[in-house]
Amino acid sequence: MKDYLRSIINQSLHQFDLSDDDISEIQIEKPNQPEHGDAASNIAMNLASVLKMNPRKIAEQIVEELKYDEQKIQSVEIAGPGFINFRFAENYLFNQLDDILKQGANFGKSDALKNQRILVEFVSANPTGPLTVGHGRNAVLGDTIANLLEWTGAEVDREYYFNNAGRQMRMLGESVRARYLQLLGHETKLPEDGYKGEYIKNIAQELIAENSDNLVEVEEVDPFKDKAEQIIFNDIQSTLKRMNIEMDSFFNEKEVYEDGSINQTVKILREKDLAYDKDGATWFRTTEFGKDQDTVLIKSSGEPTYRLPDIAYHANKLDRGYDQCIDVFGADHIDTYPDVLSGIEALGYDRSKIDVVVYQFVTLVKDGKPFKMSTRKANFITLDELMDEVGADVTRFFFEMRDPNTHLEFDVGQAKEAGEKNPVFYLQYAHARIHSILRKVEQEYTFDVEDQPNLELLSHESETALIKSLLRFSEIIQSAADSREPHRLINYLEDLASIFTSFYHDCRILGEEEGLVQARSALAKATAQVLANGLGILGISAPEKM
RNA sequence: GCGCCCGUAGCUCAACUGGAUAGAGCAACUCCCUUCUAAGGAGUAGGUUACAGGUUCGAGUCCUGUCGGGCGUACCA
């Protein structure tokens, strides 16, 4: 519809002497006030300065020349400072409703990103412990953004990047060893900065079960570290699965060392004089890219900092032919990505292909008090524990319901009191309610399959409002995908559910004249479909009974 | 000090990327279950969008400054 409105406005604009630049962007919006119609354009106001004319005058001229299909548009009005307001024709609404029913589970999909291959990298937690609430936001945002992109036609891969080498992993191994020895009765202390979580003991138990005390004399940390990694990764995978998340690939940082791309990266940077040696370390001239300081790529110990493999890894992604790479990470990593982009650019890649979604921290609120967490100190709440308390659907919903860019307060109490105060249930309830009605309709009426419902019977204002709301679904998906903001979909679904509830109260289905029963059932069914499709994108179940 | 993000109803947050009268949910108050699920609905109250300037037809949204909060600012990840 928006495209149609753009095209007819564009036609009418030919009367003015305008360059293409001036009219490239014809904005169509849904007005806040219903009396302003179903769609509005501010084009006249935007052209006022270019044309040096009164915007209302421009609007009048546009409308005068406007040729539109009366099957689609019922009326066009000029209002306020120069808005052009459109009202949709009923026939158009009925046709579109019919279309929703025909498209069913596919309604809302588009091919806007057809043939685009997109890699979404998210979670990417190193296997040093179970996923915590902090990772939860990352995981859910990444997965939902991936879903949204798939619905707009892109071919999406989900990737988990990790590092199982380095100091943290050695520390993990040492922590397991200490617990192992302790459990076997040896006097030993957990290393300074060791991992104190209960899960370390469980890993040690596992080692005892498999090896009894055979590892007591072992010098290397590997048996402890490897076992820990294996158990923790299994745990992470099962947590993700529980949240309805399935990765397409796991990328080990080790790969960019082994295939030589680390060395290659440094070599190219040196050739371009963007890397140099100082104080025994290798530096990246990030000042060339607007930073205050240069950045160390390789420490004087010979060990690269994480920035170097990060750059090589992103080059690797682009080498794999992705048109767009999206990284999801927390605000604490905000400083690293400009360096990665600079690195990518220096290597000759198009930096605009890397897109970053930064989300702000999660504050867990329990018993009305904020709860600070740290993996190493072990006073964290794992995602699994959270899901034990509130369930997977609620967990996903809470992580999705806010703008990624603002702090998220996750009130466990509110989430748990799920019954009444929880917004997730409002959506699921609306869906279940519709199915409950449809079941009854099915019992009490038998409609001929060939007998098309007469949608023109849907003339109540609650019915019209509901149809209009349903029709917005595709563009909401589009905007949520473009902006990488899943909460827009939630806002929409809540609005839709609320509009449906008004319809539910105003318009009975059972007991009405048969044609009306059929038409309203069709509308209810379309609503359930959109709710189910939307919840599906969010990774939340759409129960038919509650 | 510098960089990024945030500041909207008592609380948690929206506001379609600059549009028309700033909206929801909790909490408070008043009503509504012989009617397809009351996990619901109708209504009342609650605001100088932190503050001060600026840009323009038009600002919660953009720019500058101030105040307040979060996160960074390592040869840690």
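Chain letters run A, B, ... following the sequence lines, proteins first, then strands; residues in each count from 1.
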*asked:* Using atom C1' in both nucleotides, what's the gap between B:U30 and B:C5 to the nearest angstrom?
replied: 42 Å

*Distance between P atoms of B:U8 and B:A52 (Å, rounded)*: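 Taking atom P in both B:U8 and B:A52, they lie 16 Å apart.
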
*From B:A39, B:G19, B:C2, pick the nucleotide closest to the side chain of A:Asp292?*
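In terms of side-chain proximity for A:Asp292, the closest of B:A39, B:G19, B:C2 is B:C2.
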
*Does the distance from a Lys or Arg side-chain N to an Asp or Glu carboxylate O, for A:Asp327 and A:Lys317, drop under 4.0 Å?*
yes

When you measure only distances, ignoring hydrogens and angles, does the side chain of [X] come within 3.5 Å of the base of [N] through a donor and an acceptor?
| X | N | result |
| --- | --- | --- |
| A:Asn42 | B:G19 | yes |
| A:Ser300 | B:C75 | yes |
| A:Asn85 | B:A20 | yes |
| A:Asn32 | B:C16 | yes |
| A:Tyr306 | B:A77 | yes |

*Tell me what A:Ser436 touches on the nucleic acid: a base, only sugar-phosphate, or nothing, going by heavy atoms under 4.0 Å.*
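Base contact.
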
*Base, sugar-phosphate alone, or nothing: which one does A:Glu35 contact when heavy atoms must sit under 4.0 Å apart?*
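Base: the residue A:Glu35, judged by heavy atoms under 4.0 Å, touches a nucleobase.
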
*For A:Phe329 and B:A77, what is the distance between atoms CZ and P respectively, to the nearest whole Å?*
16 Å

*When syn is taken as a glycosidic angle within 90 degrees of 0, is B:C57 syn or anti?*
anti

_Anti or syn - B:U17, cut at 90° from 0_ =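 B:U17: syn.
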
_Identified ring-ring contact (aromatic ring centres under 6.0 Å, His included) partner of A:Tyr313 from the options A:Tyr257, A:Phe251, A:Phe162_ = A:Phe251

_Ring centers of A:Phe329, A:Tyr359 separated by less than 6.0 Å_ = no

*So is A:Arg433 actually on top of A:Tyr504's ring, under 6.0 Å and inside 45° of the axis?*
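Yes, a cation-pi geometry.
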
